[in-house]
2 protein chains.
Amino acid sequence: MPLEKSRASSSTKKRVRDAEATKLRILEAAKKEFARNGLEGARVDTIALDAKANKRMLYHYFKSKDGLFRTVLEREYLNIREEETRLDLENLPPRTALETLVRFTWEYYIANPEFITLVNSENLCQAAHIRNSPTLKTISQKFVRRIQSLLDRGVRENVFRDGIDATQLNITIASINYYYFTNRFTGSVIFERNFTAPEALEERISFNIETICRLVCKN
Amino acid sequence: MPLEKSRASSSTKKRVRDAEATKLRILEAAKKEFARNGLEGARVDTIALDAKANKRMLYHYFKSKDGLFRTVLEREYLNIREEETRLDLENLPPRTALETLVRFTWEYYIANPEFITLVNSENLCQAAHIRNSPTLKTISQKFVRRIQSLLDRGVRENVFRDGIDATQLNITIASINYYYFTNRFTGSVIFERNFTAPEALEERISFNIETICRLVCKN
DNA sequence: CGCGTAACGCACCGTATAGTTACTTACACA
DNA sequence: TGTGTAAGTAACTATACGGTGCGTTACGCG
């Protein structure tokens with residue numbers, strides 16, 4: 001694993017062999033393919049081709065199609081939580097912090113459309129891949145506690161209503177943002193509007209922020 | 001199509017041939033299989049077997065796997081809208097009507113878990129099956145107008161805030177209910193609670209009703 | 001410099017899958 | 001009661017799929 005670190009980024013001569021880079025190319029290609037076609041719809045041949053890797057390598061590094069999916073999904077969860085962690089919620093006024101959180105979630109889904117589809121696939125198979133991932137549980141706990149302390153601070157400062165459950169709030173914030181994107185295709189047909197038009201996006205994020213503020217804030 | 005109406009339900013002698021009944025068995029089996037495994041994951045052989053029909057019949061009636069999926073999905077959309085129509089929103093006080101609507105959506109998803117998964121599949125393929133279904137557009141328009149007039153009435157009676165968009169409200173109501181169910185598996189892992197336990201369900205529907213009332217109602 | 005190991009590639013396998021061909025059988029209507 | 005037509009069946013096909021056996025090549029280390 002720690003091999004060839006020295007040449008990896010310093011040499012000008014093109015690397016013919018680079019395990020780490022190959023793994024990453026496979027993971028990126030897999031993310032795209034799984035997100036586009038779902039777990040069952042994704043084709044390992046397509047992933048290998050798109051990654052400019054051999055299918056044999058895919059099985060060498062990730063054991064199976066499901067192993068590959070698990071790795072992709074775990075990385076995506078780690079990524080969103082990591083970016084969330086970087087939000088400076090603690091040093092903002094409670095209401096601003098809340099709005100920041102809602103807007104972050106929204107913008108994350110826009111910037112990472114694959115995330116939603118991957119999570120949908122995982123739920124279709126009843127979370128079989130992440131069920132036993134203690135890592136995920138740990139980082140999620142941390143996140144809920146963080147929101148709880150934001151809620152507490154807001155109550156102390158007399159701007160938030162008392163008694164709001166942090167988990168329920170988290171779920172609600174995710175809901176109103178996630179649903180809009182995951183169902184944008186049927187939504188566009190049913191409501192006869194382009195869900196991804198800039199004005200539509202603007203209108204929706206405003207509505208979502210209002211929904212959450214009215215739920216949490218006093219008056 | 002109108003053949004054998006007379007014998008279909010009156011004769012005591014068991015029917016060996018019954019096109020309508022076979023179609024229905026296929027549709028029911030398909031709903032189950034598509035909901036459980038997604039569009040790509042579903043197997044036509046499994047559907048035929050479960051429907052106690054021959055695979056050839058499936059292709060005879062529905063042309064293709066996609067044709068079958070389209071039919072299943074359209075029926076599901078018609079069904080939820082039809083049940084919604086039966087809600088007596090017009091004769092209830094605005095706030096009660098709103099709560100009734102939220103609770104209906106929630107309970108519909110509980111009673112019809114397939115609906116959510118089917119819609120997810122349709123969005124994975126970018127609404128390819130329903131894109132050109134005028135029927136769906138028509139019934140959805142009708143529904144939005146109904147909610148708009150509920151909002152208008154609430155404003156007139158001075159219990160609802162002014163200026164709320166009926167479509168945004170519809171999306172939000174669907175969101176907070178839909179998301180909870182579609183992501184119940186990853187949710188149960190991440191938040192370490194059983195999303196489908198009776199107490200959890202009770203807590204969530206209360207929270208959802210509060211979310212919507214705070215969004216729409218004055219004070 | 002040579003050698004062992006890890007990266008990589010080709011060609012293949014068994015199976016499962018959507019869809020079809022060619023046929024038989026029940027029954028509504030004349 | 002005879003018959004045309006639609007309901008129903010079984011066996012089949014071509015292919016695409018996830019996965020593997022086995023050989024080759026690069027390269028870090030001693």
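So you know, we letter chains A, B, ... as the sequences are listed, proteins then strands, and number each from 1.
- Atoms OH (A:Y59) and C1' (C:dC10) sit 16 Å apart, rounded to a whole Å.
- Under the salt bridge (Lys or Arg N to Asp or Glu O under 4.0 Å) criterion, the residue pairs touching residues 124-148 of chain A are A:E90-A:R146, with sequence neighbours excluded.
- For B:H60 and D:dA10, the NE2 to P distance is 17 Å, given to the nearest whole Å.
- The side chain of B:A19 has D:dA7 as its nearest neighbour among D:dG18, D:dA7, C:dA7.
- Summarising the geometry, the separation between CG on B:D45 and C1' on D:dA10 is reported as 13 Å, rounded to the nearest angstrom.
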Just distance, no hydrogens or angles: give the donor-acceptor pairs under 3.5 Å from side chains in residues 41-53 of chain B, sequence neighbours left out.
from: B:R43; atom 1: NH1; to: B:E40; atom 2: O; distance (Å): 3.1
from: B:R43; atom 1: NH2; to: A:E40; atom 2: OE1; distance (Å): 3.4
from: B:D45; atom 1: OD1; to: B:K55; atom 2: NZ; distance (Å): 3.4
from: B:D50; atom 1: OD2; to: B:K32; atom 2: NZ; distance (Å): 3.3

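- Which of C:dG19, D:dT9, D:dG18 sits closest to the side chain of B:K65 comes down to C:dG19.
- One atom, CZ of A:R25, and another, C1' of C:dG9, lie 13 Å apart when rounded to the nearest Å.
- Regarding A:E40, its CD atom lies at a distance of 9 Å from the P atom of C:dT17, rounded to whole Å.
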Sequence neighbours left out, cut at 3.5 Å: what donor-acceptor pairs do the side chains of residues 107-116 of chain A make with other protein atoms?
from: A:Y108; atom 1: OH; to: A:N79; atom 2: OD1; distance (Å): 2.8
from: A:Y108; atom 1: OH; to: A:I80; atom 2: N; distance (Å): 3.4
from: A:N112; atom 1: ND2; to: A:Y108; atom 2: O; distance (Å): 3.0

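- No hydrogens or angles considered: a donor-acceptor pair under 3.5 Å links the side chains of A:T167 and B:R193.
- Near DNA chain D, meaning a heavy atom under 4.0 Å away, the residues from residues 46-56 of chain B are B:N54, B:R56.
- Nearest-nucleotide assignment on DNA chain D puts the 5′-proximal partner with B:Y61, out of B:Y61 and A:S64.
- Pairs passing the side-chain hydrogen bond (donor to acceptor under 3.5 Å, both in side chains) check and including a residue from residues 60-73 of chain B, sequence neighbours excluded, read B:D66-B:H129.
- Salt bridge status for B:E210 with B:R214: present, with a side-chain N to carboxylate O gap under 4.0 Å.
- One can place CZ of B:R43 at 14 Å from C1' of C:dG19, the figure rounded to the nearest angstrom.
- Rounded to a whole Å, the CE atom of A:M57 is 12 Å from the P atom of C:dC10.
- For the pair A:I26 CD1 and C:dA7 C1', the computed distance is 11 Å after rounding to whole Å.
- For B:R204, the salt bridge (Lys or Arg N to Asp or Glu O under 4.0 Å) test picks out no residue, with sequence neighbours left out.
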